[in-house]
Each structure stands twice: as C-alpha cells, then as structure tokens.
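Right, one structure below, let's go through it.
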Amino acid sequence: MRHWLATLALVLLAVPGAVSAQTRTETLLVVTESGPNSMDIHGVGANRPSYQASWNLYDRLLTYGVKTLPDGSRMYDYSVLKPELAESWQVAADGASVTFKLRRDAKFHDGAPVTARDVKWSFDRAVTVGGFPTFQMKAGSLENPDQFEVVDDYTFRVKFVRKDKLTMPDVAVPVPVVINSTLAKKSATASDPWAMEWLKNNDAGGGAYKLESWKPGQETIYVRFDDWKSGPLPKIKRVLVREVPSAGNRRALLERGDADISFDLPPKDFAEMGKAGKVAVVSHPVENAFAYVGMNVKNPPFSNPKVRLAVASALPYDKIFSAAVFGRGVLLQGNPIASLTFGHDLVPTPFKTDLSKTKALMAEAGFPGGFATTLSFDQGFATTNEPAAVLVQESLAQIGIRTTIQKIPGANWRNMLLKKEMPIFLNAFGGWLNYPEYFFFWNFHGQNAVFNTSSYQNPEMDKLIDAARFESDRAKYTELVRGFAKLMVADVPRIPLYQPLLDVAMQKNVKGYQYWFHRQLDYRQIAKE
C-alpha cells in the first residue's frame, strides 16, 4: 500500500510540460472518484464532473456574487449578478429585452476575439440541441434562436418571450457558455451542425483555464489562460485532476500531503478527518437538493400508487441517513423541499417507516406476495449509494419486494436516467437556481424529459409549477408552492431521503475555496500559501 501511494504521488507530481521555476504553490492536485465524460456541457449524457470542466474552460455573460458565511466559509450569492464576458447590461424600459455590452479585450484560447456572433451561435446551440441544455435554457424562458440578436460585434440582445424572474439568473448557470463558433464550425458537418462530436473532446472556450490534456478515466490537466480578461487572473497556473477510484487511497493521499483537494470521499472519512484536524474540511448543505429513491411510475408495478406508498412506508430513513452519510446533511423524512431552498415552506408528510402499513398496501395493490425487480445506482458515487442500496434492499425484502442491485458505471449513469427504464433507483438532484418552482420544474413537470426520471405525468402538477414561476404576489406564490409540494407527497413519484452536505477536504495551505450551486470546484478563486 505504501509503495503504491508513493508511486501515485510521483505520477501526480510528474505534470507534463512543467517548468523548473513553477512551484507547488502554483499547481493544484485534485483527486476524485470519477471524472468528466465530456468537455461539452451541451453533450448528451454529460455527467456532473463535466460541469467542472465547462465552468473553468468557458465563460458566460454573467456570474454570481460571493458572500462570506458566519463560519468564515465562502459561497456564491444568488441574489447578486456580476459581469463576466458582459461588462454591462441594460433591461429595456418596456421590459421586453436585455442588452449586453461585451468586453472588447476578451479572447478565446486560440487568440481570436470574442464577439456577439459567438454568443448568438452558442445560445442558438443551447436552445436547439435538445436534452438537458435546452431544458435548462427553457427554465429561464430562453427558448428560441429568434430571441437572440447580434446588434454589433460587441453588443448582444436577448428578447424576452415572457416576464420570468428566472431569465437573468439562468444566464449565469453553467449551460449558456460562450463557444468559439469559428473554431467549432470547422468541425461541424451536415449531420452534426453543432460540432457535438468534436466539442465533446476538445476545448473551444475562452475561460480562465485551457485544456492541456484529457485521458478519460485517468486524468484531466488544465493550464491557466494568461490572456483571460473576465476577472482577476487566477493564482493557480496548473490543475491536475487525477481519478483515483479507491476512497481509501484518496484519503491517504490527502493525509500524506501528496494531494491538495478531494470532495467525493465517504461522509465517514470527512467526519474523521475533520475531527483529526490534519487537513481542513469545509461543509455546506447543498441548496435546493435531495437524495431520493425514484420509481418508474410509467410501468408496472410502480405505476400503482399504492406500491409506491408501500415503498415509502418501508424505507429505513434513519438508518440510511446514519449509515450512508453518517448524519452529514438534513434528514428530510419525506419533505419534498430541502431546508435551505429560498422561499421554501416545510410541509409535513406521511412518509415514515411503518411495515404494517406497507404490507396492507401491497395486498391492496394486488401484490400480497411481493415481486422481483432491480435496484440501480450510480457507481461513480458508490461511497454513499452502495450502503443506501443495501439498506433499501433489506427493507423491501421484508415486504416481499426482492431486488437485484445493479451498479451502473458513472460514465453511463446519465444515459441510463434518460432512457427511463430502471424500475427503482437511487439518485440525487440539486437545482441550480434556488427556487422551489425551479426544482419542481426539473423533477416533476410532465414536459420535462430530462430529470423527470420517474416519467411522472400530472397536469395539475404542471399547472401549479407554471403558475408559481410567474406569480409575483407573495401570498399566492406561497400557496402554489404548498400545492405542488403536497401533490408530490400524495402521488409519491419519488421518495426524498436527505439533503446532502457538500464536503471538501483540502490541505490547510489551500485558500479561497467557495461553495457553488453546481457542486464543482472553481479553480479561479483557489490559491496556495
């Protein structure tokens, strides 16, 4: 074990192209369980680590402010929008559009200037390619290329299709990246007009970091873009993200001082390391998020609401919270809205462990003897998913539901969710924009083909979500939120378990880390003393 760690430490430090003058204070070594499966956040099935790649390789027109919490930690401020590629913006007097003035000194990584034509091509792409990026844009009423106008080389206008409080915040999330359209179009074809295949593996950005190399399943190396103009030049010149599947090895590398940061260790490790004090552990409840048990409500047997309620009455909530995450989070016990969601309203729910109720429900549903099915989870997050899956399997067995656990490789998980064929599964979802109607739009709206992973359809739910998105009266808004939360509890398309913590462990000389809603590292703020 010691020899293996020493060998890996040498590999981590042997960064290609490093120069002798470059010190460890300018290099960040990140160890992670799984890495990106795409450099293109618009790509089909791009996984969560791909958000990290996109966030650092590409700029957006806007970003969010930063605030310091009472404990001294830093996080983004969803109430404050700040310039990134757009140095200024102005909403029209009639409220029908917003006009962005671009930085005139901004460049892409190949040295080409960033123009409004690149912004339009990128926005057109995002609303056209379908899947996750198109639905994300739609969540802010950014829906049609006709909305996007090039006024001149450095002026870009967005015409509003409706009054939507989420439009401007949606411009600052990871999806509306600005792509070097001239470079990308060189690899476009008649069958691939948006250069999806090329951008999956290549960098066409102008963000603070450039992609030096990417070996899927092994490592990703980023180098600072010294001509970046959209913010203060980062202190870190090179970032090496090494994929180390073993949580024990990642922890050992941190504790030995051979790695700088890891943020996907088991909760038990974070608890122990925080207590030991050798490395710094920063924790933050993931806003607008929960881990859940999902069921495919489109197909039998989970199309029967009594079966779904039976599962909800069988789950060992406290045991899962204790064994899977060691109490690091907020136990929701069925509450469908996480405790730190802006505008949330806690709704008491009937979800609790009650095996006698469960058996009666199974009989009423026509399954007194139970049935056999599969229980799936993302192996890329096995540290929490696997113990939770075992506990779910054991509990369901008590009421006759016999499950075979299927471990899906992390690189394939998003595609499996999109297929919507898994009968019952463990998953987690966090909403980028910190509003309950945004969370419910993604998870429970019938028109959402991406993260409505249970194939749930209820026109009344859609009506309540849509009304809340555009309601300005606070009292009416609150009632709409209560309404769709209660409806979710009644229909049980999925079962909330807990609101997770985002834990990050780092060497004590690593400074500047801040929590972001996308739960990924932003290298721009990080420095080493």
Side-chain angles (χ1 to χ4, degrees), residues 41-42 51 54-66 76-127 133 136-161 163-184 204-209 225 227-234 432-433 516-518 522 524-525:
I41 197 170
H42 295 171
Y51 303 165
S54 174
W55 190 254
N56 290 281
L57 293 174
Y58 291 86
D59 277 346
R60 285 138 292 274
L61 292 174
L62 304 177
T63 188
Y64 286 94
V66 179
Y76 85 105
D77 186 347
Y78 62 77
S79 68
V80 177
L81 289 171
K82 295 181 63 177
E84 196 158 278
L85 270 176
E87 62 182 9
S88 66
W89 62 95
Q90 181 68 50
V91 176
D94 61 2
S97 66
V98 59
T99 301
F100 298 92
K101 292 290 186 179
L102 305 184
R103 298 179 185 275
R104 291 178 176 266
D105 57 355
K107 298 178 181 179
F108 288 112
H109 295 154
D110 66 354
V114 180
T115 72
R117 289 184 296 277
D118 297 298
V119 181
K120 176 168 172 55
W121 189 87
S122 303
F123 275 54
D124 288 355
R125 184 182 196 256
V127 301
Q136 176 62 52
M137 298 292 277
K138 185 177 180 181
S141 294
L142 303 168
E143 302 176 356
N144 192 301
D146 291 341
Q147 290 180 252
F148 313 130
E149 177 187 353
V150 175
V151 179
D152 59 42
D153 283 353
Y154 296 100
T155 308
F156 174 70
R157 180 171 295 139
V158 175
K159 291 172 279 189
F160 301 147
V161 295
K163 186 178 180 180
D164 187 343
K165 62 177 174 288
L166 300 184
T167 297
M168 294 300 289
D170 203 30
V171 174
V173 303
V175 165
V177 292
V178 177
I179 300 167
N180 185 334
S181 61
T182 301
L183 180 61
Y209 287 88
F225 178 42
D227 281 336
W228 188 60
K229 305 298 183 183
S230 295
L233 198 64
W432 285 346
L433 300 179
W516 280 96
F517 52 87
H518 48 65
D522 186 336
R524 295 173 296 181
Q525 286 86 34

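Position 1 is the first residue of the sequence; numbering continues from there. As a basis for the values below, the full set of heavy atoms in this structure was taken, side chains included, without hydrogen atoms, waters or symmetry mates.
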Using every non-hydrogen atom in the two residues, find where [X] and [Y] come nearest and quote the distance to one decimal.
| X | Y | value |
| --- | --- | --- |
| Ala172 | Tyr64 | CB-CE1, 3.4 Å |
| Ala204 | Phe108 | O-CD2, 4.1 Å |
| Pro145 | Val127 | CD-CG2, 3.7 Å |
| Pro234 | Ala208 | CG-CB, 3.9 Å |
| Val173 | Pro176 | O-CD, 3.1 Å |
| Phe123 | Met137 | CD2-CE, 3.8 Å |

Counterpart residues, side chain to side chain donor-acceptor pair (under 3.5 Å), relative to [X] (two or more places apart):
| X | result |
| --- | --- |
| Asp153 | Arg117 |
| Tyr76 | Glu287 |
| Asp227 | none |

Looking at residues at least two apart in the chain, or sitting in another chain, which of them share a side chain to side chain contact (heavy atoms under 4.5 Å, CB included) with [X]?
| X | result |
| --- | --- |
| Thr99 | Thr155, Arg157 |
| Pro113 | Tyr154 |
| His109 | Asp203, Lys210, Phe225 |
| Ala184 | Trp121, Ile179, Ala195, Leu199 |

Q: Using salt bridge (charged side-chain N to carboxylate O under 4.0 Å, His left out) as the criterion, list what pairs up with Asp170, not counting sequence neighbours.
A: none
Q | Test salt bridge (charged side-chain N to carboxylate O under 4.0 Å, His left out) applied to Lys229 - qualifying residues, sequence neighbours left out | A | none
Using modelled atom types only, decide if a donor and an acceptor are shared between the side chain of [X] and the backbone of [Y] within a distance under 3.5 Å.
| X | Y | answer |
| --- | --- | --- |
| Gln147 | Val158 | no |
| Asp118 | Ser181 | yes |
| Tyr58 | Val175 | no |

Q: Let me see the working for Leu61 and Leu102 under side chain to side chain contact (heavy atoms under 4.5 Å, CB included), right down to the final yes or no.
A: CA-CA 8 Å; Leu61 292 174; Leu102 305 184; 3.6 Å; yes
(Q) Taking the ring of Trp432 and the ring of Tyr51, is the distance between their centroids below 6.0 Å? (A) yes
**Q.** CA sep, side-chain torsions, deciding dist, call: Val171, Leu142, side chain to side chain contact (heavy atoms under 4.5 Å, CB included)
**A.** CA-CA 9 Å; Val171 174; Leu142 303 168; 4.3 Å; yes
Only distances under 3.5 Å count here; give the side-chain donor-acceptor pairs of residues 82-98 to other protein atoms, sequence neighbours excluded, each with its distance to 0.1 Å.
from, atom 1, to, atom 2, distance (Å)
Glu84, OE1, Arg524, NH1, 3.2
Glu84, OE2, Arg60, N, 2.8
Asp94, OD1, Ala96, N, 3.0

Q) Do Leu433 and Phe517 pass the side chain to side chain contact (heavy atoms under 4.5 Å, CB included) test, and can you show the C-alpha distance, the side-chain angles, and the key distance before you say yes or no? A) CA-CA 8 Å; Leu433 300 179; Phe517 52 87; over 6 Å; no
Q) Less than 4.5 Å apart, any side-chain heavy atom of Val161 and any of Asn144? A) no
Q.
With salt bridge (charged side-chain N to carboxylate O under 4.0 Å, His left out) as the rule and sequence neighbours excluded, what pairs involving residues 96-115 come up?
A. none
Q: Sorted by first residue and then second, give each salt bridge (charged side-chain N to carboxylate O under 4.0 Å, His left out) pair with at least one member in residues 174-184; sequence neighbours left out.
A: none
Q. Are Val177 and Asp59 close enough, and set up right, to give a side chain to side chain contact (heavy atoms under 4.5 Å, CB included), and what steps lead you there?
A. CA-CA 6 Å; Val177 292; Asp59 277 346; over 6 Å; no
Q | Atom pair CE/OG of Met168 and Ser141 - distance to nearest 0.5 Å | A | 13.0 Å
